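Right, one structure below, let's go through it.
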Amino acid sequence: KNISEVCKVGGSVKALLFYEKENSVIIITSHLLLVQFKINLNDKLVPDRKVKLSVAGDPEKLQTVWAGSSLLATASGENMIRLLNLE
């Protein structure tokens, strides 16, 4: 068994997604921080990017799904859907 702590993020984890095209893991927190970790050849996670997202709705209601190969769709209780292109 090999379990290790990768990172601590402010707020709770709202989304945890595998980004197959980039062989990475995407985390979105309740504080609207998007963090991407690449998976290297030794199956270790290496921090790749951090981005602060903005929404007009309630961050606690944030929902995230894949809308394409590199496209995330988010909604947070407002009357719109935001698309994030990870490329």
Side-chain angles (χ1 to χ4, degrees):
K1 295 179 181 179
N2 186 12
I3 299 172
S4 61
E5 183 178 289
V6 176
C7 73
K8 288 186 179 181
V9 292
S12 60
V13 174
K14 299 301 290 178
L16 178 62
L17 305 158
F18 179 64
Y19 184 14
E20 186 173 2
K21 185 175 182 179
E22 292 290 325
N23 197 36
S24 63
V25 174
I26 304 288
I27 298 168
I28 300 177
T29 71
S30 60
H31 291 213
L32 302 177
L33 183 65
L34 181 149
V35 185
Q36 181 176 350
F37 290 93
K38 295 248 184 189
I39 303 170
N40 69 16
L41 298 174
N42 301 322
D43 292 332
K44 300 286 184 189
L45 294 179
V46 179
D48 186 49
R49 86 171 85 177
K50 288 184 181 180
V51 178
K52 179 73 172 171
L53 305 176
S54 85
V55 298
D58 181 359
E60 287 299 319
K61 294 182 180 178
L62 186 70
Q63 298 177 38
T64 306
V65 296
W66 286 109
S69 64
S70 300
L71 194 63
L72 288 176
T74 64
S76 59
E78 55 189 318
N79 64 351
M80 69 176 69
I81 296 171
R82 295 176 191 268
L83 299 175
L84 306 161
N85 188 338
L86 297 179
E87 292 185 343

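Model, not experiment: these values are computed from the prediction.
- Scored by the salt bridge (charged side-chain N to carboxylate O under 4.0 Å, His left out) test, Arg49 finds no partners at all (sequence neighbours excluded).
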Which donor-acceptor pairs under 3.5 Å do side chains of residues 15-27 form with protein atoms, sequence neighbours excluded?
residue: Tyr19; atom: OH; partner: Ser70; partner atom: OG; Å: 3.0
residue: Lys21; atom: NZ; partner: Glu87; partner atom: OE2; Å: 2.1
residue: Glu22; atom: OE1; partner: Lys38; partner atom: NZ; Å: 2.5
residue: Asn23; atom: ND2; partner: Ile39; partner atom: O; Å: 3.2
residue: Ser24; atom: OG; partner: Gln36; partner atom: NE2; Å: 2.9

Quick one: side chains of residues 51-61, donor-acceptor pairs under 3.5 Å with protein atoms, not counting sequence neighbours, listed by atom name and distance.
residue: Lys52; atom: NZ; partner: His31; partner atom: O; Å: 2.3
residue: Asp58; atom: OD1; partner: Glu60; partner atom: N; Å: 3.0

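- Atom CD1 of Ile81 is separated from atom OG of Ser76 by 10.5 Å, given to the nearest 0.5 angstrom.
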task: Verify side chain to side chain contact (heavy atoms under 4.5 Å, CB included) between Val46 and Phe37, making sure each step is shown before the conclusion.
output: CA-CA 5 Å; Val46 179; Phe37 290 93; over 6 Å; no
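- Contacts of Thr29 classified as side chain to side chain donor-acceptor pair (under 3.5 Å), with partners at least two apart in sequence or in another chain: none.
- Closest of all the heavy-atom pairs between Lys14 and Leu62 is CE-O, 4.0 Å.
- Residues meeting the side-chain contact (heavy atoms from CB on, under 4.5 Å) test with Ala67, sequence neighbours left out: Leu71, Ala73, Leu83.
- Leu84 and Val65 fall into different hydrophobic clusters, where Ile, Leu, Val, Met, Phe, Trp and Tyr residues are linked whenever their side-chain heavy atoms come under 4.5 Å apart, directly or through other members.
- Judged as a salt bridge (Lys or Arg N to Asp or Glu O under 4.0 Å), not a single pair has a partner in residues 26-35 (not counting sequence neighbours).
- The environment of Gln63 atom CD is sparse: at most 12 non-hydrogen atoms of other residues, nucleotides or ligands sit within 6.0 angstrom.
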